[in-house]
Amino acid sequence: SVTIGELIARPKVALQLVLAHFFERTISATELLNMNGEPLVMLNGSTFTIDTSSGPTQLVNGDGLASTLIAIDLVSTDGVVHIVDAVLQP
């Protein structure tokens, strides 16, 4: 776990954490639902697995930590936003 102060002092770490929340193309919620068990590579290179088997759609990192999608397909000027309930840990 990293504190805000540590992120401010280490901008490269902060950048990697932010890039862990973006992928290179627009993916709709429908597409995410059809990706169960498939990897999703983020802009920082970290990989999350899509898991829809237990109900809500989750992004699971290599350590098994899961973040649940809580809002989907929010249109923005540069793509689509999906909101998760936790910080994605690369």
Q: Please report the C-alpha distance between T57 and L33 in whole Å, then the side-chain angles of each, then the deciding distance to 0.1 Å, and finally whether the side-chain contact (heavy atoms from CB on, under 4.5 Å) criterion is met.
A: CA-CA 7 Å; T57 301; L33 287 171; 3.0 Å; yes
Q) Is a donor on one side and an acceptor on the other found under 3.5 Å between the side chain of E6 and the backbone of T3? A) yes
Q. So if you build clusters from Ile, Leu, Val, Met, Phe, Trp, Tyr with side-chain heavy-atom gaps below 4.5 Å, do L7 and V87 land together?
A. yes
Q.
Just verifying a value: how many Å separate L17 CG and R10 CZ, rounded to the nearest 0.5 Å?
A. 11.0 Å
Q: Treat each ILVMFWY residue as a node, draw an edge where side-chain heavy atoms are under 4.5 Å apart, and state whether I50 and V41 are in one component.
A: no
Q: With rounding to the nearest 0.5 Å, note down the distance linking OG in S67 to NE2 in H21.
A: 7.0 Å
Q: Give a yes or no answer on whether the side chain of N36 reaches the backbone of T52 with a donor-acceptor pair at less than 3.5 Å.
A: yes
Q. Should the heavy atoms of other residues, nucleotides or ligands under 6.0 Å from CZ of F22 be counted, would the total exceed 12?
A. no
**Q.** Any side-chain heavy-atom pair of M42 and Q16 under 4.5 Å
**A.** no
(Q) Between N61 and Q89 (side chain of the first, backbone of the second, donor and acceptor by atom type, cut-off under 3.5 Å), is there such a pair? (A) yes
(Q) For residues V60 and L40: do they belong to one hydrophobic cluster (side chain heavy atoms under 4.5 Å, members Ile, Leu, Val, Met, Phe, Trp, Tyr)? (A) no
Q: Side-chain contact test, heavy atoms from C-beta onward, threshold under 4.5 Å: evaluate it for I70 versus V84 and give yes or no.
A: no
Q.
Check for me, please, whether I72 and L59 land in the same ILVMFWY cluster - side-chain distances under 4.5 Å, paths through other members count.
A. yes
Q. Once you round to the nearest 0.5 Å, how far does OG1 of T30 lie from CG of D73?
A. 6.5 Å
Q | Check: L32 main-chain N/O paired with H82 side-chain donor or acceptor under 3.5 Å | A | no
Q: Keeping the roles fixed (side chain from D63, backbone from L65), state whether a donor-acceptor pair exists under 3.5 Å.
A: no
Q.
Can you confirm whether E38 sits close enough to T49 that some side-chain heavy atom of one is under 4.5 Å from a side-chain heavy atom of the other?
A. no
**Q.** Matching residue for N44 among V18, L15, L19 - test: side-chain contact (heavy atoms from CB on, under 4.5 Å)
**A.** L19
Q: Kindly compute the distance separating CE (M35) from CZ (F48), expressed to the nearest 0.5 Å.
A: 13.0 Å
Q | Hydrophobic cluster identity match, L69 and V81, side-chain contacts under 4.5 Å | A | no
